Amino acid sequence: MKGIVIVLAALLVGCAGVMTQPPGAGSVKITPLGSHDGEFCARDRALVFEDPNGTRILYDAGFTVRGPNDPRLGKIDAVLLTHVHGDHLGPAHQPAANAGTCGNPDFSVNVTPTSNTVNIVVGKKARFLVGSDMPMFFAGKVKNAGGDPKQVQLVRFGAMAKVGGVSVATVPAVHTNGVGPEFLDKNLGDTLQANGLTAYVGSPTGYVLGFTNGLVVYLSGDTGITAEQDLVVRGHYKANLAVINIGDVFTTGPTEAAYVINDLVKPNAAIASHANEVATQGGKVLPGTRTEAFMKAAKVPTHVPLSGKTMEFDGSGKCVSGC
Ligand SMILES: [Zn+2]
């Protein structure tokens, strides 16, 4: 009987924490893959997360990852995509590091209709974890690009996938998710465009990642302020680090993003993302930028994703190196 109680107790402990695993050793490495080395530039979105156990996950490749052979990628186990807008899916990419300017990078390598993201999934033989109605759309694209449609895996709201010990869940984002004509068969693309429509692939998403050292990261994707940031991201998943989009017009601006951090998600630290501006020069945040406004308004330590500079976080969300 005593043995059964112990087993039951162990099972309960195992289930209760959801993503909060017992704090483990080591740090999670987060490396931004932007357009210009050492800076935070207008179209930068992509981040690579590396668990202490070596599992590597790419978030929103966009325009700035230079295809599957970008040497910064290394091994990639899984690719995440919050939604299909071009600045995340990638109709094109940079030909070389630092091409163009920080405010207007050179993205002259066209990769439509396949997309930069799908080329990376196929090239890296990675799993592609997406929510909503995106798996059906991408399974065909992955197949056409020479990959296995089974690489594309559904993670709809409330479900959880595992990649090499890292938990991956999707969470709601308040945004839109229409596929642009450049990613569709020409006839369909032209017809939709002539009618002012896009092909809808379900709700856009954010993600929550649970790493083996206890770090729980909220990736906002493109979103406005939403109650789920309180009830789901904080209340259930207990994110202790947040990557939050601050670009305004298309997503929360700096003031709204700071409210999300201070009053809804309440992580121990935040990383600014998707600023749509030249946020830094020489790696220093420029005065008058959205990035500066966000950092001033947020009440927790905030970090700037400088391209190629790896930041390391312990299980509590504290930056222990590279910030
Ligand atoms: Zn965007």
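Nothing here was measured: the structure is a model prediction, and the numbers come from that model. Order of appearance sets the numbers: ligands from 1, and atoms from 1 within every ligand.
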(Q) Using 30° and 60° as the class boundaries, would you call the ring planes of Tyr207 and Tyr59 parallel, tilted or perpendicular? (A)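 The arrangement is perpendicular - the two ring planes meet at more than 60°.
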
Practice prompt. Would you check if the Zn ion (ligand 1) lies under 2.8 Å from any N, O or S atom of His85?
Written response: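 Coordinating: no.
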
Please determine whether a side-chain nitrogen of the Lys or Arg among Arg156 and Asp133 lies less than 4.0 Å from a carboxylate oxygen of the Asp or Glu. yes

Less than 4.0 angstrom from a charged side-chain N to a carboxylate O is my criterion; do Lys318 and Asp314 meet it?
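So Lys318 does not pair with Asp314 through a salt bridge.
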
For the Zn ion (ligand 1), find the closest N/O/S atom on [X] and give its atom name.
X: Asp222; answer: OD2
X: His274; answer: NE2
X: Asp87; answer: OD2

Check your understanding: Between the side chains of His274 and Asp87, is a donor N or O closer than 3.5 angstrom to an acceptor N or O?
Key ->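 His274 vs Asp87: donor-acceptor pair found between side chains.
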
